[in-house]
Every structure is written in structure tokens, then in C-alpha cells.
Q: 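Structure incoming, see below.
Bear in mind that the values here come from a model prediction, so they are computed numbers and not experimental data.
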Amino acid sequence: QVQLVESGGGLVQAGGSLRLSCTTSGRTFNMYAMGWFRQAPGKEREFISAINWTGAATYYADSVKGRFTISRDNAKNTVYLQMNSLKSEDTSVYYCAVDLNGVGSRTRDYDYWGQGTQVTVSS
């Protein structure tokens with residue numbers, strides 16, 4: 001049984017900050033890349049960030065670069081997404097996922113997914 005569970009979503013004012021967490025169970029993902037995606041109503045799922053297995057290499061979509069930071073704590077089986085300077089357009093459901101084959105930036109690269117957590121940014 002593989003499970004990824006996101007937490008930390010909620011309602012925040014524009015310009016504020018929020019930290020998302022994703023904890024994994026059922027299988028160790030300590031040697032694999034993790035990613036964050038988001039999907040707003042009527043939109044395709046969008047890549048926002050990824051991190052390699054050691055945490056030494058990180059990748060960001062242009063839309064969030066400089067505002068969001070991905071990190072991981074393998075001892076806790078957890079990946080984080082620190083979101084600063086939030087904008088109304090960041091409102092979305094945020095998903096974490098694991099890539100068993102590399103450090104991808106496409107939805108199809110990822111093998112396991114969480115249920116998502118809602119982030120709403122008010123203006």
C-alpha cells in the first residue's frame with residue numbers, strides 16, 4: 001500500500017505565506033525525486049517544482065521561481081513546499097508526487113500521487 005498525503009493548505013491573503021507538506025508511507029521514496037503540481041478548475045495539471053533524491057538539485061516553473069521553495073527531509077519521509085508572496089492566481093489544488101525514473105517536469109513522469117490540498121489566496 002502506497003500513500004502520499006498532503007497537508008498545510010488553507011486560506012491566505014495575497015502577499016502571505018503557506019507551507020505545504022507531503023508525507024509518504026507504504027514504500028520508501030528516499031532515493032527518488034519528488035514533485036509538486038497544481039490544478040485549478042478548468043485547467044490542466046501544471047508542474048511547479050521538483051527535487052532530486054538528495055535534495056541538492058531543485059527545479060521550478062517560471063511562474064513560481066523566486067517565491068516558492070521545495071525541500072525534503074528523508075528521515076521524516078516528507079517533502080515541503082514553502083510558498084511566499086502568494087497571489088490570487090496561485091489558488092489551486094496542490095498535489096505531491098514521486099518520480100521513480102528521474103527528475104521529471106511532466107505529469108506523465110510521475111508514478112504515485114497524493115489526494116491534493118486546497119490553497120486559496122484572497123485578494
Side-chain angles (χ1 to χ4, degrees):
Q1 186 178 35
V2 173
Q3 189 172 23
L4 285 68
V5 180
E6 301 95 337
S7 63
L11 176 65
V12 64
Q13 293 182 350
S17 297
L18 210 58
R19 187 181 71 171
L20 306 183
S21 299
C22 175
T23 59
T24 66
S25 63
R27 177 177 176 175
T28 179
F29 297 114
N30 291 345
M31 294 191 293
Y32 300 99
M34 301 288 293
W36 286 96
F37 292 74
R38 66 188 183 189
Q39 188 168 21
K43 302 287 187 179
E44 295 293 313
R45 190 162 296 188
E46 174 191 12
F47 168 82
I48 55 174
S49 189
I51 187 167
N52 82 322
W53 75 279
T54 67
T58 58
Y59 307 88
Y60 299 93
D62 289 341
S63 59
V64 306
K65 194 173 297 181
R67 299 189 298 121
F68 291 9
T69 303
I70 191 171
S71 61
R72 68 190 301 165
D73 185 341
N74 285 341
K76 296 181 178 179
N77 296 312
T78 301
V79 62
Y80 304 95
L81 186 68
Q82 178 67 46
M83 305 185 294
N84 298 327
S85 302
L86 284 162
K87 307 172 181 179
S88 60
E89 52 262 46
D90 294 318
T91 295
S92 191
V93 177
Y94 284 72
Y95 300 88
C96 69
V98 59
D99 183 354
L100 300 179
N101 301 298
V103 190
S105 61
R106 305 169 299 179
T107 300
R108 67 178 182 172
D109 293 326
Y110 287 79
D111 302 281
Y112 298 101
W113 294 82
Q115 292 295 113
T117 186
Q118 177 71 47
V119 172
T120 302
V121 184
S122 62
S123 58

Q: Quick one: pull up SG in Cys96 and CH2 in Trp36 and give me the separation to the nearest 0.5 Å.
A: 5.0 Å
Q: Quick check: does any side chain N or O of Asn77 sit under 3.5 Å from a backbone N or O of Thr23, one acting as donor and the other as acceptor?
A: no
Q: Has the side chain of Gln13 got a donor or acceptor atom that lies under 3.5 Å from a matching backbone atom of Ser123?
A: no
Q: State yes or no: do Phe47 and Val103 share one hydrophobic cluster built from I, L, V, M, F, W and Y residues joined by side-chain heavy-atom distances below 4.5 Å, directly or via other members?
A: yes
Q: For the pair Thr91 (side chain) and Thr120 (backbone), establish whether a donor and an acceptor sit closer than 3.5 Å, ignoring hydrogens and angles.
A: no
Q: Taking the side chain as C-beta and beyond, is there a heavy-atom pair between Glu89 and Ser63 under 4.5 Å?
A: no
Q: Taking Arg67 for its side chain and Ser85 for its backbone only, find out whether a donor-acceptor pair lies under 3.5 Å.
A: yes
Q: Ignoring hydrogens and angles, state whether a donor on the side chain of Asn84 or Ser17 is under 3.5 Å from an acceptor on the partner side chain.
A: yes
Q: Do Trp113 and Val2 make a side-chain contact, defined as non-hydrogen atoms from C-beta onward lying under 4.5 Å apart?
A: no
Q: Heavy atoms only: give me the nearest Asn74-Asn30 pair and the separation to one decimal.
A: O-OD1, 3.2 Å
Q: Any side-chain to backbone donor/acceptor pair from Asp99 onto Gly104? Under 3.5 Å, distance only.
A: yes
Q: Measure the spacing between NZ of Lys65 and OG1 of Thr58 and express it to the nearest 0.5 Å.
A: 9.5 Å
Q: So if you build clusters from Ile, Leu, Val, Met, Phe, Trp, Tyr with side-chain heavy-atom gaps below 4.5 Å, do Val79 and Val64 land together?
A: yes
Q: On the six-membered ring of Tyr95, is Arg45 placed so that its NZ or CZ lies under 6.0 angstrom from the centre and within 45° of the ring axis?
A: yes
Q: Under 30°, 30 to 60°, or over 60°: which ring-plane class applies to Phe29 and Tyr112, parallel, tilted or perpendicular?
A: tilted
Q: Would you check if the side chain of Ser49 reaches a backbone N or O of Tyr59 as a donor-acceptor pair within less than 3.5 Å?
A: yes
Q: When you group the ILVMFWY residues by side-chain heavy-atom contacts below 4.5 Å and let the links chain together, are Leu4 and Tyr32 in the same group?
A: yes
Q: Treating Thr78 as the side-chain partner and Lys76 as the backbone partner, does any N or O pair qualify as donor plus acceptor under 3.5 Å?
A: yes
Q: Going by the angle between their ring planes, with limits at 30° and 60°, are Tyr110 and Phe37 parallel, tilted or perpendicular?
A: perpendicular
Q: Any salt bridge between Asp109 and Arg106, counting N to O under 4.0 Å?
A: yes
Q: So does Arg19 get a backbone contact from the side chain of Gln82, meaning a donor-acceptor N/O pair under 3.5 Å?
A: no
Q: Could you tell me whether the side chain of Asp73 and the main chain of Tyr80 form a donor-acceptor pair under 3.5 Å?
A: no
Q: Donor-acceptor check, side chain of Ser92 to backbone of Tyr94, threshold 3.5 angstrom: yes or no?
A: no
Q: Linking I/L/V/M/F/W/Y whenever their side-chain heavy atoms sit closer than 4.5 Å, directly or via other members, would Leu18 and Val93 fall into one cluster?
A: no
Q: Same hydrophobic cluster for Leu20 and Val5, using side-chain heavy-atom links shorter than 4.5 Å among ILVMFWY?
A: no
Q: Within the supplied structure, the quantity of interest is the number of heavy atoms (other residues, nucleotides, ligands) at a distance under 6.0 Å from Gln118 CD; does it exceed 12?
A: yes
Q: Can you confirm whether Met34 sits close enough to Arg72 that some side-chain heavy atom of one is under 4.5 Å from a side-chain heavy atom of the other?
A: yes
